[in-house]
Amino acid sequence: MYKQFIQPILFSLDPEKAHHLTFSLLKIIHKIPGIPSLLRSIYQVEHPALEREVFGIKFKNPVGLAAGLDKEAKLYKELSNLGFGFVEIGTITPKGQPGNPKKRLFRLKEDKAIINRMGFNNQGVEEAIQRLKTNKNVLIGGNIGKNKITPNENAVNDYSYCFERLFPYVDYFVVNVSSPNTPNLRTLQEKEPLKLLLNTLQQLNLAKEKQKPILLKIAPDLTDEQLLDIIDIVKETKIAGVIATNTTISREGLQSANKNEVGGLSGKPLTKRSTEVIRFLSEKSRRAFPIIGVGGIHSADDAIEKLNAGASLVQLYTGFIYEGPNLIKEINKKLIATAGQRS
């Protein structure tokens, strides 16, 4: 139904307008009595074979929503009814900011991809907290970043502020230093600045009565040498794991008219590279830490490939937009079937 009727309508609109329309419609239909339970009955799949315990958290299934779709924690409850095992909000910054000038979101239909240069547009951490206060049972990841006007030498302060403020309201944290859409942000992936940032957050974490997992989201454009540095940094700082990967600045092999737009590329062209990064990190670290695999998952086979490469969990973003909520169900059903074959 989604691909036959809903997607063509949404894809006839400007991508950012379609995004806001979808959010509004999901909000409206969830206010109709019986609709939330109906959607859960259609899309949610529960089975012991789907349950995972990763970095001390129990997930009802391993398929999550990646950061970037529900930037401001506006729709996490409604999205969870579509079958996600967890929802990652953000990227959240200390203060609200409008992001980059429009137009900043582009579909690449021929490539099943999206280019975005949104620029951490959000209303700030305090607004997100107000919405998260009403959460009852959705497992939430908090993806945090720095404000655009904050110089890199002060970036630690922005991440620390978001960490402290969000701590009571999220189940795990993601440190985003890999978006290509905030000037100079990716230089924070270099070894010394990254160690300083992660060690600072870990010190704040250890001061809590009960710690929460901190993950690092990395770019797919890192070299093997840089990935080896990431493995060392994870071990040294003792953070919980890695999310591989964010969007890419590569444009190799693209066919669409919008292929040269500036920004981060997500979707099908990223499938192979993100899986390569997952496999490299898993093998070179000897599975020393959990990895959440994200990038180009448009089918159940894509998800299973990432899990087989070493991911403990997976996340969807562009694949969800192109394929619809049935993709979550297809992945979970195939995981159940695969588990049955193994047993």
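- By the side-chain contact (heavy atoms from CB on, under 4.5 Å) test, Pro94 pairs with Asn147, Asp158, Tyr161, Cys162, sequence neighbours left out.
- A 4.5 Å side-chain heavy-atom check between Pro269 and Asp111 finds at least one atom pair inside the cut-off.
- Here the two rings, on Tyr43 and Phe84, have centers that are 6.0 Å apart or farther.
- By the rule that hydrophobic residues join a cluster once side-chain heavy atoms approach within less than 4.5 Å of another member, Leu316 and Leu270 end up as members of separate clusters.
- Panel note: side chain Gln255, backbone Gly253; a donor-acceptor pair is recorded below 3.5 Å.
- Pairs engaging residues 171-182 under the salt bridge (charged side-chain N to carboxylate O under 4.0 Å, His left out) rule: none recorded [sequence neighbours left out].
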Leu335 vs Leu307, test: side chain to side chain contact (heavy atoms under 4.5 Å, CB included). Steps then yes/no. CA-CA 10 Å; Leu335 287 171; Leu307 294 167; 3.6 Å; yes
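- Each salt bridge (charged side-chain N to carboxylate O under 4.0 Å, His left out) pair with one or both residues in residues 252-266, not counting sequence neighbours, appears once here: Arg117-Glu261.
- Evaluation of the side chain to side chain donor-acceptor pair (under 3.5 Å) test over residues 11-26, restricted to residues two or more places apart or in two chains, returns Glu16-Arg104.
- With contacts defined as side-chain heavy-atom distances shorter than 4.5 Å, the pair Lys195/Glu236 qualifies.
- Using a 4.5 Å heavy-atom threshold, the side chains of Lys71 and Met118 count as touching.
- Residues Asn326 and Glu330 have side chains that bring a donor and an acceptor to within less than 3.5 angstrom of each other.
- Within the 4.5 Å cutoff, side-chain heavy atoms of Ile129 are placed close to those of Lys133.
- Applying the side-chain contact (heavy atoms from CB on, under 4.5 Å) rule to Glu283 yields the partners Arg279; only residues at least two apart in sequence or on another chain are considered.
- Grouped with Leu139 in one hydrophobic cluster are Val54, Phe55, Ile57, Phe59, Phe86, Tyr172, Val174, Leu215, Ile243, Ile292, Val294, Leu313, the linkage being side-chain heavy-atom contacts under 4.5 Å among Ile, Leu, Val, Met, Phe, Trp and Tyr residues.
- For the residue pair Asn152/Thr187, the side-chain donor-acceptor check at 3.5 Å is satisfied.
- Looking only at distances, no side-chain donor or acceptor of Thr150 sits under 3.5 Å from a matching main-chain atom of Lys146.
- Screening residues 285-297 for salt bridge (charged side-chain N to carboxylate O under 4.0 Å, His left out) gives no qualifying pairs among residues at least two apart or on separate chains.
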Residues Asp302, Ser299; criterion side chain to side chain donor-acceptor pair (under 3.5 Å); working and verdict: CA-CA 5 Å; Asp302 290 338; Ser299 69; 3.3 Å; yes
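- Both Ile6 and Ile32 sit in one connected hydrophobic cluster of ILVMFWY residues. Membership requires side-chain heavy atoms under 4.5 Å apart, directly or through other members.
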Between Leu281 and Val234, does a side chain to side chain contact (heavy atoms under 4.5 Å, CB included) hold up when you go through it step by step? CA-CA 11 Å; Leu281 292 174; Val234 172; over 6 Å; no
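- Taking the ring centroids of Phe11 and Tyr322, they lie under the 6.0 Å cut-off.
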Stepwise side chain to side chain donor-acceptor pair (under 3.5 Å) check, Gln202 with Thr237: CA-CA 7 Å; Gln202 278 291 59; Thr237 60; 5.7 Å; no
Derivation of the side chain to side chain contact (heavy atoms under 4.5 Å, CB included) call for Val277 and Leu222: CA-CA 9 Å; Val277 172; Leu222 298 179; over 6 Å; no
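- A heavy-atom distance below 4.5 Å is not found between the side chains of Ser312 and Arg52.
- Residues passing the side-chain contact (heavy atoms from CB on, under 4.5 Å) test with Ala257, sequence neighbours excluded: none.
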Chi angles and distances behind the ring pair (Phe, Tyr, Trp, His ring centres under 6.0 Å) call for Tyr159, Phe163: CA-CA 6 Å; Tyr159 287 91; Phe163 181 85; over 10 Å; no
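- Side chains of Leu82 and Leu65 form no contact here, defined as non-hydrogen atoms less than 4.5 Å apart.
- In this structure, Asp221 contributes its side chain and Ile249 its backbone to a donor-acceptor pair below 3.5 Å.
- Checking side-chain atoms of Asn205 against main-chain N and O of Gln211 turns up no donor-acceptor pair under 3.5 Å.
- With Phe167 as the aromatic partner, Lys208 meets the cation-pi criteria of under 6.0 angstrom to the ring centre and within 45 degrees of the ring axis.
- The shortest non-hydrogen separation linking Lys306 to Thr271 is NZ-O, 3.1 Å.
- Put simply, the side chain of Lys329 gets close to the backbone of Ile42: a donor and an acceptor are under 3.5 Å apart.
- For the pair Gln226 (side chain) and Thr223 (backbone), a donor-acceptor distance under 3.5 Å is present.
- Remark: Tyr169 pairs with no residue by the ring-ring contact (aromatic ring centres under 6.0 Å, His included) rule, at least two apart or across chains.
- Taking a 6.0 Å sphere around CD1 of Ile149, one finds it holds 12 or fewer heavy atoms contributed by other residues, nucleotides or ligands.
- Among residue pairs with one or both ends in residues 85-96, none qualify as salt bridge (charged side-chain N to carboxylate O under 4.0 Å, His left out); sequence neighbours excluded.
- When atom types are taken as modelled, the side chain of Lys112 and the backbone of Gly296 share no donor-acceptor pair closer than 3.5 angstrom.
- Residue Ile9 is found outside any hydrophobic cluster, as its side-chain heavy atoms come under 4.5 Å of no other Ile, Leu, Val, Met, Phe, Trp or Tyr.
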In sequence, state the C-alpha distance, the side-chain angles, and the governing distance for Lys217 and Ser178, and then conclude on side chain to side chain donor-acceptor pair (under 3.5 Å). CA-CA 6 Å; Lys217 189 164 189 176; Ser178 52; over 6 Å; no
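- Within 6.0 Å of NZ on Lys333 lie no more than 12 heavy atoms contributed by other residues, nucleotides or ligands.
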Between Asn100 and Asn181, does the side chain to side chain donor-acceptor pair (under 3.5 Å) criterion hold? Intermediate values first, please. CA-CA 8 Å; Asn100 293 322; Asn181 300 318; 5.2 Å; no
Report the C-alpha separation of Val175 and Leu201 in whole Å, then their side-chain angles, then the decisive distance to 0.1 Å, and conclude whether the side chain to side chain contact (heavy atoms under 4.5 Å, CB included) test is met. CA-CA 9 Å; Val175 177; Leu201 294 177; 3.5 Å; yes
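- The backbone N or O of Gly96 sits nowhere less than 3.5 Å from a side-chain atom of Glu127 that would complete a donor-acceptor pair.
- Residues passing the side-chain contact (heavy atoms from CB on, under 4.5 Å) test with Gln44, sequence neighbours excluded: Arg40, Glu46, Lys60, Asn81.
- Between Lys235 and Ile231 there is a side-chain heavy-atom pair separated by less than 4.5 Å.
- Sparse packing is recorded around CD of Glu225, with 12 or fewer heavy atoms of other residues, nucleotides or ligands lying under 6.0 Å away.
- Counting heavy atoms from C-beta outward, Leu227 and Ile218 have side chains that approach closer than 4.5 Å.
- Under the 4.5 Å side-chain heavy-atom criterion for ILVMFWY residues, a single connected hydrophobic cluster contains both Leu79 and Leu50.
- For the residue pair Ala240 and Pro213, the shortest heavy atom distance occurs at CB-CB, 3.6 Å.
- Panel note: side chain Gln203, backbone Thr200; no donor-acceptor pair is recorded below 3.5 Å.
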